[in-house]
2 protein chains.
Amino acid sequence: MRKINENEIQKVKLDDVADKAGVSRTTVSRVLNNRGYISDKTRQKVHEAVELLNYQPNEIARSLFIKKTFIIGLIFPTTNNPFYGQLIFHLENICESFGYRVLLCNSQGREDKERNYLKMLLRHQVDGIIAGAHNRGIEEYNNQHLPLVGIDRFLSKNIPVVSSDNYDGGKKATQLLIDKGCKQIIHINGSPSLETPANLRREAYEDVMKENEFHPRTYIIGDNVIEKLFDENPNVDGIFASDDLIAANVIREAKRRNRNIPDDLKVIGYDGTETTRILLPELSTIQQPVKEIADLAIKLLMKQINGESEPQIEWKLPIKLIKGETT
Amino acid sequence: MRKINENEIQKVKLDDVADKAGVSRTTVSRVLNNRGYISDKTRQKVHEAVELLNYQPNEIARSLFIKKTFIIGLIFPTTNNPFYGQLIFHLENICESFGYRVLLCNSQGREDKERNYLKMLLRHQVDGIIAGAHNRGIEEYNNQHLPLVGIDRFLSKNIPVVSSDNYDGGKKATQLLIDKGCKQIIHINGSPSLETPANLRREAYEDVMKENEFHPRTYIIGDNVIEKLFDENPNVDGIFASDDLIAANVIREAKRRNRNIPDDLKVIGYDGTETTRILLPELSTIQQPVKEIADLAIKLLMKQINGESEPQIEWKLPIKLIKGETT
DNA sequence: ATCTATATGTCAACCGGTTGACATATTCAT
DNA sequence: ATGAATATGTCAACCGGTTGACATATAGAT
């Protein structure tokens with residue numbers, strides 16, 4: 001560090017290292033990037049100077065020239081949710097192992113925020129984006145030739161989507177309730193207007209119900225849905241919630257109404273995150289392969305970044321049925 | 001977008017806009033940044049060109065010149081934890097409202113990772129860092145004159161630390177167990193070698209215990225601590241866990257041993273995150289003011305970024321005792 | 001001694017913006 | 001008509017790296 005004048009402290013830059021080592025700027029850059037012929041003596045002088053000055057290359061300057069930032073944008077509703085928290089953890093982790101860093105965007109399910117984040121990421125020249133936000137109709141996703149992968153979320157018809165096998169999950173959840181003898185099974189799901197593969201959970205639920213000659217009934221998440229559900233269906237004896245938090249709310253409401261779980265009412269959720277397994281281990285649920293989803297998403301993104309082609313658009317990973325004490 | 005040759009597609013740049021609008025590069029920059037005198041006619045021409053070409057300024061180039069990236073680095077153990085997930089959500093959110101973006105780093109409690117992340121953030125020229133990672137002795141935190149704020153974590157003696165009132169939390173938790181009639185109360189905590197204000201939870205526990213003429217006993221988190229705790233203390237009737245996930249594990253083990261909660265054994269946790277409140281609402285806990293912590297941390301960071309001085313180093317925010325069914 | 005191949009290093013343009021210094025045009029007062 | 005003030009815009013240097021083109025030195029071959 002070198003003082004220019006009071007208060008202003010200049011960061012060490014390449015030229016300082018070059019001066020110290022008694023070589024040119026280029027030589028230092030060559031040494032640091034291992035390019036061209038450099039004698040051991042020079043190499044060492046440079047490394048000593050770098051060490052001595054504690055030089056940290058300015059990635060911004062580097063990025064500008066090489067037109068690559070090694071930054072991936074992540075757009076998800078919120079880290080304050082066990083599923084996304086766990087997913088983002090793995091995504092960040094894997095990115096890091098590939099030498100990429102991660103700009104985090106919590107879109108909070110708001111289309112305007114998502115759009116702004118997308119623009120911001122483009123201005124920041126990110127090398128790719130992984131999005132699992134919950135909005136549709138962001139046309140910006142289409143006309144960018146930017147590496148992009150969706151998680152549980154259709155972004156545009158040519159953009160790969162990675163998700164768990166939602167249909168199978170919905171099927172297994174519903175089947176479990178039926179096998180356990182439930183007669184009136186209700187499903188709680190997010191709005192079907194969101195174009196997400198998670199809608200397949202509902203589809204599977206309806207298919208299985210019909211196959212077994214039951215009448216499917218789905219409630220859409222919203223204010224007081226759970227209370228309404230219980231009020232309108234006093235005899236409900238099986239509930240398939242499309243995520244574990246909803247399932248937890250169902251359980252709470254059931255307790256409030258003195259419904260005994262699993263005797264009077266069986267409940268199964270969806271996600272099976274680590275946090276849920278710890279906080280609510282008795283919950284039956286469909287566990288998503290979160291790490292595998294993250295792995296695949298990054299793999300597909302890296303392929304795009306490296307210009308390799310990949311025709312497959314939809315990717316489904318196997319889920320796992322966890323039978324707990326709530327069924 | 002303008003094709004240079006096959007496959008390569010050049011992003012629209014300032015010069016393209018200038019050409020389109022029939023003015024110079026400077027003029028476009030002036031219009032976009034509202035500097036100097038620009039006639040309405042010129043201004044409009046430029047805006048039209050920007051619109052037409054869908055121009056997105058390259059923030060990398062801009063950052064390089066103005067020496068400011070509007071990026072804040074966040075270093076925390078993992079988003080896959082309800083407390084950090086919620087905290088990071090708020091931090092990102094508030095940053096966004098100030099026009100800053102966030103580079104996320106999951107240090108996983110590993111000192112080497114934390115150190116590497118720190119270096120990476122410096123190379124990326126972040127404007128500031130908020131760290132709540134769980135290691136000590138990262139000397140790099142000291143000699144950087146970089147805006148820095150710790151959350152629940154001492155980084156260096158001049159770096160502000162924001163935390164909840166851990167002493168008060170520990171006191172209230174312990175006192176509650178005593179008030180409820182517990183005679184043998186045990187505390188489970190992280191390693192005291194981590195220099196975190198969270199150690200005050202333990203200190204308060206010990207102080208309150210002694211005041212009440214009880215013998216304090218603390219177990220450090222590790223393999224099978226909980227089983228060991230029960231094995232070694234068959235008569236334990238109160239457990240104060242230093243976070244809610246541990247409390248949940250305690251509850252699970254207690255059930256396995258057919259200990260009735262709260263009759264035979266009372267349990268209280270710490271954190272009281274939204275996720276815990278949903279998944280395990282019956283848990284008694286000390287709730288941290290997560291959003292307020294985030295607010296204050298960002299406020300302190302912004303002060304540093306703007307060069308304002310702030311003598312206070314330690315900041316404590318009030319916690320809230322939530323009495324649930326486990327006590 | 002001359003020529004070529006191999007090492008080693010320097011120069012200067014470039015990435016895409018920003019901005020101080022400067023040039024020109026227009027308006028207004030004297 | 002002249003000078004000063006105001007309006008409008010251009011030029012070129014700069015941010016801190018990277019890299020192709022080029023210069024020089026040394027070694028080895030003929």
Side-chain angles (χ1 to χ4, degrees), chain A residues 1-2 4 8-47 49-50 53 55-71 120 122-127, chain B residues 1-2 4 8-46 49-50 53-71 120 122-127:
Chain A
M1 304 276 161
R2 164 180 54 119
I4 291 295
E8 199 186 350
I9 302 204
Q10 208 61 16
K11 289 202 176 122
V12 177
K13 39 200 230 184
L14 204 61
D15 287 317
D16 300 324
V17 177
D19 281 359
K20 190 67 145 193
V23 298
S24 76
R25 191 145 107 246
T26 310
T27 302
V28 178
S29 174
R30 290 260 158 83
V31 169
L32 295 179
N33 297 305
N34 264 318
R35 302 177 62 85
Y37 304 106
I38 298 286
S39 68
D40 280 350
K41 217 181 73 194
T42 305
R43 191 180 304 277
Q44 200 182 336
K45 271 192 303 184
V46 170
H47 279 132
V50 164
L53 300 171
Y55 170 67
Q56 301 283 355
N58 182 329
E59 289 270 349
I60 296 293
R62 182 161 203 272
S63 293
L64 179 58
F65 189 86
I66 66 175
K67 299 192 180 208
K68 188 159 165 60
T69 53
F70 289 96
I71 295 181
M120 180 275 280
L122 291 172
R123 287 198 306 271
H124 264 283
Q125 317 298 114
V126 294
D127 292 340
Chain B
M1 304 279 162
R2 162 181 57 119
I4 290 295
E8 200 187 350
I9 301 204
Q10 207 64 15
K11 290 201 177 125
V12 178
K13 39 199 230 183
L14 203 61
D15 287 317
D16 300 323
V17 177
D19 281 358
K20 190 67 145 193
V23 298
S24 77
R25 192 146 107 245
T26 309
T27 303
V28 177
S29 175
R30 291 260 158 83
V31 170
L32 296 178
N33 296 306
N34 265 317
R35 302 178 61 85
Y37 303 106
I38 298 285
S39 68
D40 281 351
K41 218 180 71 192
T42 305
R43 189 181 305 277
Q44 200 182 333
K45 272 192 305 185
V46 170
V50 164
L53 300 171
N54 188 27
Y55 170 68
Q56 303 281 356
N58 182 330
E59 290 270 349
I60 296 293
R62 183 161 202 271
S63 293
L64 180 58
F65 189 85
I66 66 176
K67 300 192 180 208
K68 188 162 165 59
T69 54
F70 289 96
I71 294 181
M120 180 275 282
L122 290 172
R123 287 198 305 271
H124 264 283
Q125 317 295 117
V126 295
D127 292 340

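Bear in mind that the values here come from a model prediction, so they are computed numbers and not experimental data. The sequence lines fix the lettering, A, B, ..., with proteins before strands; numbering per chain opens at 1.
- Taking the side chain as every heavy atom from C-beta outward, L53(A) and K20(A) approach each other to under 4.5 Å.
- Taking atom CD of residue Q56(A) and atom C1' of nucleotide dG17(D), one finds them 15 Å apart after rounding to whole Å.
- Checking the phosphate oxygens (OP1, OP2) of dG17(D), a side-chain nitrogen or oxygen of Y55(A) falls inside 4.0 Å.
- The separation between D15(B) atom CG and dG17(C) atom C1' is 9 Å, rounded to whole Å.
- Taking for each of D40(B) and A61(B) the nucleotide of DNA chain D with the nearest heavy atom, the 5'-most of the two is the partner of D40(B).
- Residue contacts shown for T42(B) are limited to sugar-phosphate atoms, with no base heavy atom under 4.0 Å away.
- Considering only side-chain N and O atoms, S29(A) lies under 4.0 angstrom from the phosphate OP1 or OP2 of dT18(D).
- Place T27(B) and T27(A) on DNA chain D by their nearest nucleotides, and T27(B) ends up nearer the 5' end.
- S63(A) has no side-chain polar atom (N or O) that falls below the 4.0 Å cut-off from OP1 or OP2 of dG17(D).
- As rounded to whole Å, 11 Å separates atom C1' of dC15(C) from atom CD1 of I60(B).
- R35(B) comes within 4.0 angstrom of sugar-phosphate atoms only, judged by non-hydrogen atoms across all strands, and of no base.
- If you take CG of L122(B) and P of dG16(D), they are 15 Å apart, rounded to a whole angstrom.
- Taking atom CZ on R123(A) and atom P on dG16(C), their separation rounds to 17 Å, with Å as the unit.
- Screening L64(B), D127(B), I60(B) against T69(B) for a side chain to side chain contact (heavy atoms under 4.5 Å, CB included) leaves a single residue, D127(B).
- Here the C1' atom of nucleotide dG17(C) and the CG atom of D16(B) are 13 Å apart, to the nearest Å.
- In the interface, the side chain of R62(A) is not paired with the base of dG16(D) through any donor and acceptor atom under 3.5 Å apart.
- Dashed line: the shortest gap from a side-chain N or O of K67(A) to OP1 or OP2 of dT18(D) is not under 4.0 Å.
- Checking dG16(C), dT19(D), dA13(C) against every side-chain atom of L64(A), the shortest atom distance belongs to dG16(C).
- Taking atom CD of residue Q125(B) and atom C1' of nucleotide dG17(D), one finds them 11 Å apart after rounding to whole Å.
- Among the nucleotides dG17(C), dT19(C), dG17(D), the one closest to any side-chain atom of L14(B) is dG17(C).
- No side-chain heavy atom of V23(A) sits less than 4.5 Å from a side-chain heavy atom of V31(A).
- Looking only at side-chain heavy atoms (C-beta outward), N33(A) and R62(A) come within less than 4.5 Å of each other.
- When the side-chain nitrogen and oxygen atoms of N33(A) are compared with OP1 and OP2 of dT18(D), one or more of them lie within a distance under 4.0 Å.
- Taking CZ of R30(A) as the reference point, atom OG1 of T42(A) lies at 12.5 Å (rounded to 0.5 Å).
- The F65(A) side chain lies nearest to dG17(D) when the options are dG17(D), dG17(C), dG9(D).
- If you check dG16(D), dG16(C), dA21(C) against the side chain of R30(B), the one that comes closest is dA21(C).
- Considering all non-hydrogen atoms of both residues, Q125(B) and E59(A) come closest at OE1-N, 4.4 Å.
- Residue-to-nucleotide contacts include no donor-acceptor pair under 3.5 Å from the side chain of R25(B) to the base of dG16(C).
- Atom-to-atom, NZ of K45(A) to P of dT8(C) comes out at 12 Å; the value is rounded to the nearest Å.
- OP1 and OP2 of dC11(C) both lie 4.0 Å or more from every side-chain N or O belonging to T26(A).
- Between the base of dT8(D) and the side chain of R43(B) there is no donor-acceptor pair shorter than 3.5 Å.
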